[in-house]
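Structure, as C-alpha cells:
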Amino acid sequence: MSESGPMVPAPFTVAGRRQETADTWTLELEPLAEEGLTFAPGQFTMLSAFGAGEVPISISGDPTAGGPLVHTVRAVGLATRAICDAPAGSVLGVRGPFGRPWPVGELGDVDVLVVAGGIGLAPLRPAILSLLARRDGHGRLLLLYGGRSPDQLLYAGELEGWRERGLELEVTVDSAGPQWLGHVGVVPRLIAHTGFDPESTIALLCGPEVMMRFTVTALAAGGLATDRVYVSMERNMQCGIGHCGHCQLGPTLLCRDGPVYAWSELESWLAIREL
Ligand SMILES: Cc1cc2nc3c(=O)[nH]c(=O)nc-3n(C[C@H](O)[C@H](O)[C@H](O)COP(=O)(O)OP(=O)(O)OC[C@H]3O[C@@H](n4cnc5c(N)ncnc54)[C@H](O)[C@@H]3O)c2cc1C
C-alpha cells in the first residue's frame with residue numbers, strides 16, 4: 001500500500017511484457033520509489049495508465065516468489081488498451097493491493113478443484129502456484145480451464161509444467177481446428193468427469209458470470225455444498241476501498257468484502273435479475 005494513502009497511485013515501471021493472446025498481455029511492474037507489494041492470491045490492484053484511466057486488475061504473479069508485480073490484462077476498452085500498449089520502461093500507477101483473497105492458506109487437507117474460464121485464469125494463477133508450492137499439504141489439485149479457442153488460452157507455456165508438478169489438468173475450448181486433440185465444449189461439462197468427492201472438495205471459480213453459474217449448478221448436482229464453492233466476482237469498481245459504492249451487490253461492496261466470496265454468501269442476491 002502506498003505510504004501516501006490508498007487513493008494515491010504509486011509509480012511502477014514496466015519491466016517486462018509478454019503477449020499471451022491476440023488481445024492479452026502479461027506485464028511485470030517494478031516500483032519506482034517504494035518497496036514491492038506483498039499480496040495474497042486473489043487480491044487486485046487499481047492499475048492506471050495516465051490519461052487513459054484506472055481499472056481493477058487481479059495480481060497474477062507468484063506469491064511465493066517475490067519479484068515484480070505481475071498483471072495479465074485483456075484489452076477491452078480505453079484503459080486496458082493503454083495498459084496493454086505500455087512499452088517497457090514506461091510508468092503505470094498502482095494502488096493496492098485490495099480485496100479478500102482466495103482462502104488457500106486456510107484449506108487444510110482437502111481436494112482443490114479450480115475452474116477457470118478465459119481471462120479468469122489470471123486471478124487463479126497465484127492460488128494455483130501457491131498450492132503447487134506446498135503440493136504435499138493437500139489432496140488432489142485439479143484445474144479445469146476453458147477458452148474460446150486454442151489460441152485464446154493463457155499461460156500456454158506453463159500449463160504442462162504445472163501438470164508435472166502434480167496438477168490434474170483438463171483444457172477445453174468452444175471451437176477448434178482438426179489439430180486440437182483436447183476437449184471441445186463449455187467448461188462446466190467437464191465437472192461430471194472429475195470424480196470429485198463433495199465431502200472433501202473445495203472449489204475455486206473465476207470466469208464469466210454465466211460460466212460460474214453453470215459450474216455451481218454442475219457442482220451442486222455432484223453434491224458439493226455452496227459454502228465450499230468460492231468465486232471471484234467482477235463489477236464496475238472505482239475507489240477500491242469501499243467508499244464510492246459503485247461495486248455494490250445487495251448488502252456487500254465487492255472491492256472491500258470481495259472480490260472472493262463463498263457462493264453461499266451471494267446466491268440469494270445473484271438470484272435477483274439485473275442486481
Ligand atoms: C476485481 C476485478 C479484477 C479484475 N481482474 C482483471 C484481470 O486480471 N485482467 C483483466 O484483463 N481484467 C480484469 N478485470 C476487468 C477489468 O477491470 C475491465 O476489463 C476494465 O475495467 C475495463 O476498462 P476499460 O476502460 O479498458 O474498458 P471500458 O471502456 O470500461 O469497457 C469497454 C467495453 O468492454 C466491456 N468490458 C468491460 N469489462 C469487461 C470484461 N471484464 N470482459 C469483457 N468485456 C468487458 C465494457 O462493457 C465495454 O463494452 C477485473 C475486474 C475486477 C472487478
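Computed over heavy atoms, backbone and side chain alike; hydrogens, waters and symmetry mates excluded.
V186 and V173 fall into different hydrophobic clusters, where Ile, Leu, Val, Met, Phe, Trp and Tyr side chains are chained together by heavy-atom contacts under 4.5 Å. F44 is not connected to V70 by any chain of hydrophobic side-chain contacts under 4.5 Å among Ile, Leu, Val, Met, Phe, Trp and Tyr, and they are in different clusters. Residues V216 and L249 share a hydrophobic cluster, clusters being chains of Ile/Leu/Val/Met/Phe/Trp/Tyr side chains in contact below 4.5 Å. L27 and V76 sit in two unconnected hydrophobic clusters of ILVMFWY residues. Membership requires side-chain heavy atoms under 4.5 Å apart, directly or through other members.
Without hydrogens or angle criteria, T24 side chain to T21 main chain gives no donor-acceptor distance under 3.5 Å. Under the 3.5 Å distance criterion, the side-chain polar atoms of Q152 are left unmatched by any main-chain donor or acceptor of L154. The backbone N or O of P9 sits nowhere less than 3.5 Å from a side-chain atom of R95 that would complete a donor-acceptor pair. Not a single donor-acceptor pair under 3.5 Å links the side chain of R163 to the backbone N or O of E158. R100 contributes a side-chain N or O that, together with a main-chain N or O of V260, makes up a donor-acceptor pair within less than 3.5 Å.
One finds the CG atom of D109 at 9.0 Å from the NE2 atom of H138 (value rounded to the nearest 0.5 Å). To the nearest 0.5 Å, the span separating CD1 on I191 from NE2 on H193 amounts to 10.0 Å.
With respect to T194, the side-chain contact (heavy atoms from CB on, under 4.5 Å) criterion is satisfied by exactly one of L142, T201, V115, L219: L142.
A donor atom on one side chain and an acceptor atom on the other are found under 3.5 Å apart for S60 and T72.
Using a 4.5 Å cut-off between side-chain heavy atoms of Ile, Leu, Val, Met, Phe, Trp and Tyr, V91 falls into a hydrophobic cluster with L32, F50.
Using a 4.0 Å cut-off between charged side-chain N and carboxylate O, E28 and R17 make no salt bridge.
At least one side-chain heavy atom of W102 sits less than 4.5 Å from a side-chain heavy atom of P41.
Partners of A79 according to the side-chain contact (heavy atoms from CB on, under 4.5 Å) rule, which considers only residues two or more places apart in sequence or in another chain, are V55. Under the rule for a side-chain contact (heavy atoms from CB on, under 4.5 Å), the partners of Q43 that lie at least two apart in sequence or sit in another chain are F39, A40, P97, P101.
A cation-pi arrangement is not found for R140 relative to F196, the charged atom failing to lie both closer than 6.0 Å to the ring centre and inside a 45° cone about the ring normal.
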